[in-house]
Amino acid sequence: MHETPARDLGGQPVGEIVAGSSSPSFHRLARRITLRIVALYLVLGFTYIALSDRVVIALVDDPRVLTWVQTFKGWGYVAVTGVLLYGLIFWQTRRIAAANEALAERDRHITRLNRVYAMLSAINGAILRGHDQDALLDEVAHIAVDKGGFPLAWVGLVDADQRTLRPVASAGAGLDCLDGLVLHVDPDHPEAHAMAADLARGHPFVINDLAETSPVDKCHARAVAHGYRALAVVPILKASRLLGVIGLFTREAPDRGGPVFDDDELRLLTEIAADTGLGMTLIAQATALDWASRFDVLTGLANRDLLKERIDQALLRARHQRRYVGVLAMEVAGLRAVVDSLGRQQGDRLLQAVAQRLAGQVREGDTVAALGNGEFAVLLADVREGLDVADVAHKLLKPFELELQADAPPHFVTLAAGAAVYPNDADTADGLIHCAGIALHQGGAQAPTGDCVFYAPEMDQRVREYQALDNELLGALERGEMQLHYQPVVRLETGEIIGVEALLRWHNRRFGAVSPDRFIPMAEHSGVIRPLGDWVLEQACARLARWQERGWRLRMSVNLSTRQLLAPGFAERIRETIMRHRLDPERMVLALEVTETAVIEDMEAVSEALARVKELGIVVHLDDFGTGYASLSYLQRLPVDTIKIDKSFVQTLDTDPVAENLVRSVIALARSLNMGVVAEGVETAEQRDALKALGCHVAQGYLFARPQPAEDVERLLEASNP
Ligand code: C2E
Ligand code: CA
Ligand code: CA
């Protein structure tokens with residue numbers, strides 16, 4: 001607590017004269033006043049003596065009377081001069097007192113301003129040194145007490161939504177004044193604090209006599225109890241936004257009606273608050289810069305730079321201790337589908353959930369980093385052998401459920417991983433990250449979800465090929481390199497063609513025929529699938545319209561990527577296509593095929609989109625059934641008309657009892673759900689007969705017909721429909 005003589009000067013003039021009596025200005029003043037009194041006294045005395053004697057001599061002749069008169073005159077003189085002296089001395093002493101008070105006031109003012117100046121410069125020093133906001137604000141409060149001489153000082157911050165103010169730093173005596181203080185500083189709030197209006201205008205809020213003012217908050221009464229008399233609260237602003245306040249108490253009372261905090265002082269305090277605000281802004285910028293340069297803003301995980309730093313450190317240690325360092329590159333499956341269907345925000349939530357989960361599953365010395373674009377990397381800083389990496393990867397890859405939409409089944413989150421190990425694959429941070437990434441993407445074929453693929457040198461060549469092919473794919477449509485083939489779908493009993501499946505063919509100028517298994521995932525990855533898919537639909541519908549004109553009732557199945565299906569306006573576009581080709585909605589023979597794995601990735605959004613498609617009379621096929629994780633029970637929740645049993649089951653029907661069981665139960669389930677079943681990939685008569693025996697009636701496969709150009713299919717149709 002800092003009490004100073006200047007601040008304690010009361011209202012007693014005599015005491016002040018004594019207090020100030022040693023100053024040279026006081027000596028000068030005293031001499032001047034004494035001289036003035038003596039001079040006046042002398043003049044009056046001489047004049048009196050000179051004039052009175054003349055008068056007495058002129059009027060009185062008797063020497064005895066004269067002696068009496070002289071004596072009375074002397075008494076009279078003493079009486080009059082006594083009164084006169086009293087008056088003079090009283091008058092001048094009052095002037096001295098007044099002058100001294102003015103002097104003391106000026107002195108006190110200057111002392112206070114000096115203190116506030118000292119405070120300003122100390123705070124500016126703190127700002128230059130500061131790199132932590134809490135420490136800065138704490139220092140501001142302490143400087144206000146130590147340098148500014150305020151017995152109690154505090155700093156408050158406004159919360160993010162600019163509503164409430166709470167003390168965050170304080171110094172001095174009587175800190176309990178601030179306990180539990182929360183002030184509403186939004187002037188529009190019904191419980192807005194008395195200071196809200198001033199602060200909103202950027203002005204200080206001052207109470208010059210706490211004891212005389214009705215309490216503005218609970219701090220007020222406690223402050224009075226501590227003997228505080230006045231209070232100033234100065235806003236800390238950034239531009240015109242309120243960041244917080246500096247609050248200052250004094251024990252001084254307002255003197256003679258004048259304010260405790262005068263304009264000069266308030267101006268300086270405002271400057272201090274402005275500098276504090278600047279300091280806070282600088283610290284915030286520096287922290288943001290520092291943080292953002294090392295961490296991923298969305299997930300709070302380390303970013304690529306920090307990951308590299310940590311890998312370098314791990315490599316140093318591993319070299320010494322002859323141990324391994326593992327780096328996993330991981331990707332969230334189906335992120336794009338979530339973003340396409342539910343929006344970027346839900347995609348971000350998905351990434352945050354994955355980040356949290358990964359970070360919670362690694363050891364202390366390991367680092368989980370976010371590399372952007374839905375990719376993560378994990379540094380396993382100290383492993384005994386490559387197998388350990390596989391173990392950790394296995395743990396991290398466990399699928400989990402995440403609620404993305406209210407009243408919808410949870411989203412099934414799956415990850416894929418690629419791994420690289422020091423010293424086998426690379427011996428630098430960049431090298432390890434690169435190799436893990438290559439293992440993950442495997443030249444575009446993409447590691448299967450739930451699996452970790454280890455890097456192998458031949459993958460590099462695949463990556464280069466992938467990139468070259470990806471480039472070619474961009475212009476493939478424009479160069480006319482794409483063609484649709486059609487594979488007949490037949491009724492097993494009669495061999496009659498009841499439909500076709502449209503399958504895309506790409507013959508590239510450089511790479512020749514490229515398999516859809518290779519370029520479709522690529523197109524999905526780059527987004528080319530949308531124009532490509534639109535083109536396929538257009539071709540297929542045009543072909544279907546021509547066949548309808550010829551009176552052929554065939555079902556046309558078109559494969560659909562979920563990226564197409566979930567794109568905004570897909571249902572509208574397909575409706576427009578159907579109308580343009582005048583496909584009869586009553587006798588609609590268009591079917592869309594979505595794969596089971598794609599559906600599982602985002603069941604809710606896909607179901608919704610499929611339901612909208614079905615409203616147009618379009619039939620939905622669930623493709624590659626049996627390859628996903630899904631349980632049979634989810635089938636009843638999907639708007640699906642027909643299940644296509646994946647060819648891997650059909651082709652092992654005669655050798656694998658598990659396959660036979662699956663086919664049998666799918667057929668039974670489909671029947672109970674009133675769905676159709678199509679078997680694909682039938683290559684042999686044995687497979688066909690086994691299917692027939694199990695109760696499957698529709699199939700496609702090389703045994704009946706290969707995918708072929710439209711004209712060839714038409715010839716087949718003409719032969720069977722003469
Ligand atoms: P899918 O939809 O399962 O198509 C059936 C695949 O099985 C086709 O491969 C077809 O040629 C092949 N296949 C048919 N019968 C047999 C058989 O008896 N034995 C064997 N081993 N295979 C048979 P394809 O044409 O290479 O297409 C591969 C995948 O590419 C398709 O699998 C489909 O998922 C995708 N795809 C093809 N065209 C398109 C398209 O226009 N859009 C989309 N999004 N995907 C397409
Ligand atoms: Ca298909
Ligand atoms: Ca299939």
Side-chain angles (χ1 to χ4, degrees), residues 336-337 444-446 473 476-477 481-490 492 497 499-507 513-541 543 555-567 570 574 590-599 606 619-628 640-653 663 666 676-688 691 698-710 712-713:
R336 211 171 280 114
Q446 193 66 247
L473 186 58
L477 257 187
E481 293 178 355
M482 292 292 177
Q483 201 191 351
L484 265 195
H485 277 195
Y486 301 87
Q487 182 177 38
V489 178
V490 302
L492 284 180
I497 300 175
V500 295
E501 175 173 6
L503 291 161
L504 196 51
R505 293 291 173 261
W506 178 22
H507 192 92
V514 187
S515 156
D517 283 329
R518 190 143 161 71
F519 73 81
I520 294 284
M522 216 175 237
E524 283 175 337
H525 199 255
S526 67
V528 172
I529 193 68
R530 288 196 191 169
L532 204 54
D534 285 347
W535 180 85
V536 169
L537 265 171
E538 177 63 31
Q539 297 294 308
C541 287
R543 185 63 62 186
R555 173 175 286 178
M556 168 76 73
S557 307
V558 176
N559 292 289
L560 200 65
S561 140
T562 42
R563 262 204 108 172
Q564 278 171 275
L565 177 66
L566 297 177
F570 175 75
I574 197 159
L590 182 64
L592 293 178
E593 302 197 345
V594 284
T595 63
E596 185 195 22
T597 27
V599 172
V606 170
V619 171
V620 174
H621 291 176
L622 191 59
D623 208 350
D624 299 350
F625 189 83
T627 57
V640 164
D641 303 283
T642 293
I643 301 170
K644 294 188 78 170
I645 301 175
D646 189 66
K647 53 178 173 280
S648 58
F649 298 100
V650 173
Q651 287 167 358
T652 50
L653 253 187
V663 173
V666 168
V677 176
V678 177
E680 17 169 62
V682 183
E683 291 181 352
T684 65
E686 289 77 40
Q687 289 161 4
R688 177 197 59 199
L691 284 167
V698 181
Q700 62 191 92
Y702 296 165
L703 177 67
F704 315 107
R706 293 203 166 240
Q708 48 204 291
D712 297 349
V713 177

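Order of listing sets the numbers, starting from 1, for every ligand and every atom in it.
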Examine D623 and say whether one of its N/O/S atoms is closer to the Ca ion (ligand 3) than 3.0 Å. yes

Apply side chain to side chain donor-acceptor pair (under 3.5 Å) to N559 and E501, showing your working. CA-CA 8 Å; N559 292 289; E501 175 173 6; 2.9 Å; yes

Any sub-3.5 Å donor-acceptor pair from R563's side-chain atoms to E524's backbone N or O? yes

One should read off an interatomic distance between L503 CG and L484 CG, to the nearest 0.5 angstrom, of 8.0 Å

side-chain hydrogen bond (donor to acceptor under 3.5 Å, both in side chains) with Q700: of Q487, K647, E680, only one passes, and it is Q487

With respect to M522, which candidate in V528, L473, V514 satisfies the side-chain contact (heavy atoms from CB on, under 4.5 Å) definition? L473

With the Ca ion (ligand 3) at the apex, how many degrees lie between OD1 of D624 and OE1 of E680, rounded to 10 degrees? 150°

Would you check if the Ca ion (ligand 3) lies under 3.0 Å from any N, O or S atom of E593? no

Quick one: pull up CG in L477 and CH2 in W506 and give me the separation to the nearest 0.5 Å. 10.5 Å

Among the N/O/S atoms of E501, select the one at the shortest distance from the Ca ion (ligand 2) and name it. OE2

At what distance, to the nearest 0.5 angstrom, does CD of E481 lie from CZ of F519? 10.5 Å

Is T595 close enough to the Ca ion (ligand 2) to have an N, O or S atom under 3.0 Å? no

Close residues, ligand 1: non-hydrogen atom nearer than 4.0 Å: Q487, E501, L503, L504, R505, P516, D517, I520, V536, N559, L560, S561, D623, D624, K647, Q651, E680, G681, V682, E683, G701, Y702, P707

Would you confirm whether Q483, through its side chain, and P709, through its main-chain N or O, come within 3.5 Å as a donor-acceptor pair? no

